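Everything below concerns the one structure shown next.
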Amino acid sequence: MTPPARPKAAAKKKKNKKARAFWLKQLHTWHWVSAAISLVGMLLFAATGITLNHAASIGAEPSVTQSQGKLPVALLAKLPAPGDRTDPLPAEVAKAVAAAVPLDPSGRAADWTAEDEVYVAMPGPGRDAWVSIDRASGEVQAEVTDRGWISYLNDLHKGRNSGAAWSLFIDLFAVACLVFTITGLFLLQLHAKHRPMTWPMVGLSLLIPLLLALLFIH
């Protein structure tokens, strides 16, 4: 005698309901955790997206600071001979430069190609800076060009001259944003049955930038 199908269907429905509840809980957890981790970063990158988009209309007067000093003659002998390389300044020389001018070139790549000077570029977010050492006299020249805090934040957005630690942060932040958006997509899928405008809205999020790119970007 064939057993009734209803208990099997009820058991399957109960199993599906438990699976849905499990995944719903997991997705909600990953969604809020990734949102919390990336919240401040998203605020920063959204705000700097606006400032970058209107960079030409945001006025900023660069501030240029120059300074100079002199190295002891004994340290000039420690400078390597001119050549096509980018080794940092010797530690003792870099320390003396940092004492002579308000820039520390320690660990920075130096330009050794010129016969008469050593040049160290020291750019950073929102600024340009450099130090030069005259091989003959030991005179140290330094200059810092500060372009303001908006330029600083814009360069953080682009990862420009911001170092390895910030580059790693951007990668981790991007992963958190991916988790946030992907879990959000699955949550939309789970709730779409009761929210008929879900997929039309998602479709618009793709269609609008696609049309703008095709029609207005040449």
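Because the structure is predicted, anything quoted here is derived from the model rather than measured.
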Closest heavy-atom pair and its distance - [X], [Y]:
X: Ala94; Y: Ser106; result: CB-OG, 3.6 Å
X: Arg135; Y: Pro80; result: NH2-O, 2.8 Å
X: Ala192; Y: Thr198; result: CA-OG1, 3.9 Å
X: Thr113; Y: Pro82; result: O-CB, 4.4 Å
X: Phe180; Y: Ser34; result: CA-OG, 3.2 Å
X: Lys78; Y: Pro90; result: O-CG, 3.5 Å

Supply the atom-to-atom distance [X] [atom1] to [Y] [atom2], rounded to the nearest 0.5 angstrom.
X: Asn161; Y: Leu156; atom1: CG; atom2: CG; answer: 10.5 Å
X: Asp146; Y: Glu61; atom1: CG; atom2: CD; answer: 12.0 Å
X: Met122; Y: Leu103; atom1: CE; atom2: CG; answer: 4.5 Å
X: Leu172; Y: Ile37; atom1: CG; atom2: CD1; answer: 9.5 Å
X: Ile133; Y: Leu75; atom1: CD1; atom2: CG; answer: 9.0 Å
X: Asp111; Y: Asp84; atom1: CG; atom2: CG; answer: 8.5 Å

**Study point:** Salt bridge Asp134-Lys70, side-chain N to carboxylate O under 4.0 Å
**Key:**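 Salt bridge: no.
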If we only count heavy atoms from C-beta on, is the [X] to [Y] side-chain gap below 4.5 Å?
X: Val140; Y: Val131; value: yes
X: Glu117; Y: Leu79; value: no
X: Leu89; Y: Trp112; value: yes
X: Leu190; Y: Arg20; value: yes
X: Arg147; Y: Asn154; value: no
X: Leu187; Y: His28; value: yes
X: Val93; Y: Val118; value: no
X: Val202; Y: Leu188; value: yes

**Study point:** Worked verdict on Asp155 versus Arg127 for salt bridge (Lys or Arg N to Asp or Glu O under 4.0 Å)
**Key:** CA-CA 9 Å; Asp155 282 350; Arg127 74 163 202 183; over 6 Å; no
Would you say [atom1] of [X] has more than 12 non-hydrogen atoms from neighbouring residues, nucleotides or ligands within 6.0 angstrom?
X: Trp30; atom1: CH2; value: no
X: Phe169; atom1: CZ; value: yes
X: Glu92; atom1: CD; value: no
X: Trp199; atom1: CH2; value: yes
X: Asp87; atom1: CG; value: yes

Review point. Should Gln141 and Glu139 be marked as a side-chain hydrogen bond (donor to acceptor under 3.5 Å, both in side chains) after you check the CA-CA gap, both sets of side-chain angles, and the distance that decides it?
Key: CA-CA 7 Å; Gln141 298 282 347; Glu139 184 178 1; 2.5 Å; yes
Practice item. Give a yes or no on whether the backbone of Gly148 and the side-chain of Ser151 come within a donor-acceptor separation of less than 3.5 Å. Key: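 No; zero donor-acceptor contacts below 3.5 Å.
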Review point. So, Trp130 side chain and Tyr119 main chain: donor-acceptor pair closer than 3.5 Å or not?
Key: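 It does not hold such a pair.
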Exercise for review: Test side chain to side chain contact (heavy atoms under 4.5 Å, CB included) on Ile208 and Leu212 and set out the steps.
Suggested key: CA-CA 6 Å; Ile208 290 173; Leu212 289 174; 4.1 Å; yes
Exercise for review: Could you tell me how the ring of Phe173 sits relative to the ring of Phe45: parallel (under 30°), tilted (30 to 60°) or perpendicular (over 60°)?
Suggested key: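 If you compare the ring of Phe173 with that of Phe45, the planes turn out parallel.
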